[in-house]
Undergrad: 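Sending over a structure as structure tokens; questions will come in a sec.
Just the heavy atoms: all of them, side chains too, but no hydrogens, waters or symmetry mates, feed the values below. Here the structure is a predicted model, which means the values were calculated and not measured.
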Amino acid sequence: QVQLVESGGGLVQAGGSLRLSCAASGRTFSSYAMGWFRQAPGKEREFVAALSWPGGTTYYADSVKGRFTISRDNAKNTVYLQMNSLKPEDTAIYYCAAERYYTGSYYYWRPNYWGQGTQVTVSS
């Protein structure tokens, strides 16, 4: 089992940047596929980005491709989401997610571990 704690959210102007962090508990972090999802008010939770297990291939939603970068530091049990060129439509609660040994499709992924979420608000 893994516990996930996000941080780094906040209020930023359009065009600005934020870096979200997700700290994971446990000693098996490197065996987890990691991802970020988001949920805007009145909308369903949607996939944002993922790092595959075991190869570390990255996947992004079309809406964030070229602006967001997912990365991980296994020594720190942490996954990051660098968000650049933020837009008002990026405003949402961002959730870190994980699943051990997952090798399926990331665009239809329903991870079994979730963080509590961190609010990102982008003003115009």
Undergrad: Any Lys/Arg nitrogen of Lys87 or Asp90 sitting under 4.0 Å from an Asp/Glu carboxylate oxygen of the other?
TA: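 Not counted as a salt bridge, because no side-chain N and carboxylate O are separated by less than 4.0 Å.
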
Undergrad: With distance as the sole test, does Ser25 use its side chain to make a donor-acceptor pair with the main-chain N or O of Gln3 at under 3.5 Å?
TA: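 Flag set: sc Ser25 to bb Gln3 pair under 3.5 Å.
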
Undergrad: If two hydrophobic side chains count as joined below 4.5 Å and joins carry through other members, does Leu20 share a cluster with Val48?
TA: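 In one cluster with Leu20: Val48, yes.
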
Undergrad: Given the rule that I, L, V, M, F, W and Y join up when any side-chain heavy atoms are under 4.5 Å apart, are Tyr106 and Leu81 in one cluster?
TA: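 In one cluster: no.
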
Undergrad: So how far is it from Asn84 CG to Arg19 CZ, rounded to the nearest 0.5 Å?
TA: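 Spacing of CG (Asn84) from CZ (Arg19) equals 11.5 Å.
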
Undergrad: Would you call Met34 and Phe29 a side-chain contact if the rule is heavy atoms closer than 4.5 Å?
TA: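 Yes, close enough: below the 4.5 Å cut-off.
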
Undergrad: Is there side-chain contact between Gln116 and Glu6, with heavy atoms separated by less than 4.5 Å?
TA: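 A side-chain contact exists here, since the closest heavy-atom pair is under 4.5 Å.
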
Undergrad: Return yes if some donor-acceptor pair links the side-chain N/O of Thr118 with the main-chain N/O of Ser7 below 3.5 Å, else return no.
TA: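 No, the answer is negative, given that no donor and acceptor are paired below the 3.5 Å cut-off.
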
Undergrad: Looking at every heavy atom in both Ala23 and Thr78, which two are closest together, and how far apart are they?
TA: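 Result for this residue pair: CA-OG1, 4.2 Å.
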
Undergrad: Taking Tyr107 as the starting point, is it possible to reach Tyr102 by hopping between hydrophobic residues whose side chains are less than 4.5 Å apart?
TA: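 In one cluster with Tyr102: Tyr107, yes.
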
Undergrad: Does atom CD of Gln119 have more than 12 heavy-atom neighbours, drawn from other residues, nucleotides or ligands, at distances under 6.0 Å?
TA: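 Yes - once you tally the heavy atoms of other residues, nucleotides and ligands closer than 6.0 Å, there are more than 12.
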
Undergrad: Mind listing the closest non-hydrogen atom pair of Gly26 and Asn77 along with its distance?
TA: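 Taking every non-hydrogen atom into account, O-ND2, 2.6 Å.
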
Undergrad: Do Trp114 and Tyr108 sit in the same hydrophobic cluster, where Ile, Leu, Val, Met, Phe, Trp and Tyr count as joined when their side-chain heavy atoms come under 4.5 Å apart?
TA: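 Looking at the clustering, Tyr108 is in the same group as Trp114.
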
Undergrad: So, is the end of the Arg72 side chain (NZ or CZ) under 6.0 Å from the ring centre of Tyr32 and within 45° of the ring's axis?
TA: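 The answer is no, since Arg72 fails at least one limit relative to Tyr32.
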
Undergrad: Report the distance from atom NZ of Lys43 to atom CZ of Arg38, rounding to the nearest 0.5 Å.
TA: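 That separation rounds to 8.5 Å.
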
Undergrad: When you compare the side chain of Tyr95 with that of Ile93, does any pair of heavy atoms fall below 4.5 Å?
TA: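 They are in side-chain contact.
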
Undergrad: Between Trp109 and Ala50, which heavy-atom pair has the shortest distance, and what is it?
TA: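 In terms of heavy atoms, the two residues are closest at CZ3-CB, 4.0 Å.
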
Undergrad: With rounding to the nearest 0.5 Å, note down the distance linking OG in Ser63 to CZ in Phe68.
TA: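 Spacing of OG (Ser63) from CZ (Phe68) equals 7.5 Å.
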
Undergrad: Would one find more than 12 heavy atoms of other residues, nucleotides or ligands at under 6.0 Å from atom NZ of Lys76?
TA: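 No, the 6.0 Å shell around NZ holds no more than 12 heavy atoms from other groups.
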
Undergrad: Specify the closest pair of heavy atoms between Leu18 and Val12, including all atoms of both residues, with the distance to one decimal.
TA: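 Leu18 and Val12 have their closest heavy atoms at CD1-CG1, 4.0 Å.
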
Undergrad: Report yes or no: is the cationic atom of Arg45 (NZ for Lys, CZ for Arg) closer than 6.0 Å to the six-membered ring centre of Phe37, at no more than 45° off its axis?
TA: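 Judged by the rule, Arg45 and Phe37 form no cation-pi pair.
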
Undergrad: List the atom of Gln82, the atom of Ser17, and the distance in Å for their closest heavy-atom pair.
TA: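 For Gln82 versus Ser17, the nearest heavy atoms are NE2-CB, 4.0 Å.
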
Undergrad: Donor-acceptor pair, Ser52 side chain versus Thr57 backbone, under 3.5 Å?
TA: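 Yes.
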
Undergrad: Is the closest side-chain heavy-atom distance between Trp53 and Arg100 below 4.5 Å?
TA: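 A side-chain contact is absent here, since even the closest heavy-atom pair is not under 4.5 Å.
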
Undergrad: Are Ile70 and Val79 close enough that some pair of their side-chain heavy atoms sits under 4.5 Å apart?
TA: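 Touching, per the 4.5 Å side-chain cut-off.
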
Undergrad: Transitively linked via ILVMFWY side-chain contacts under 4.5 Å: Tyr80 with Phe47?
TA: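 Looking at the clustering, Phe47 is in a separate group from Tyr80.
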
Undergrad: Considering non-hydrogen atoms only, spot the tightest contact between Trp36 and Ser21 and give its length.
TA: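 Answer, listing the atom of Trp36 first, then Ser21: CH2-O, 3.7 Å.
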
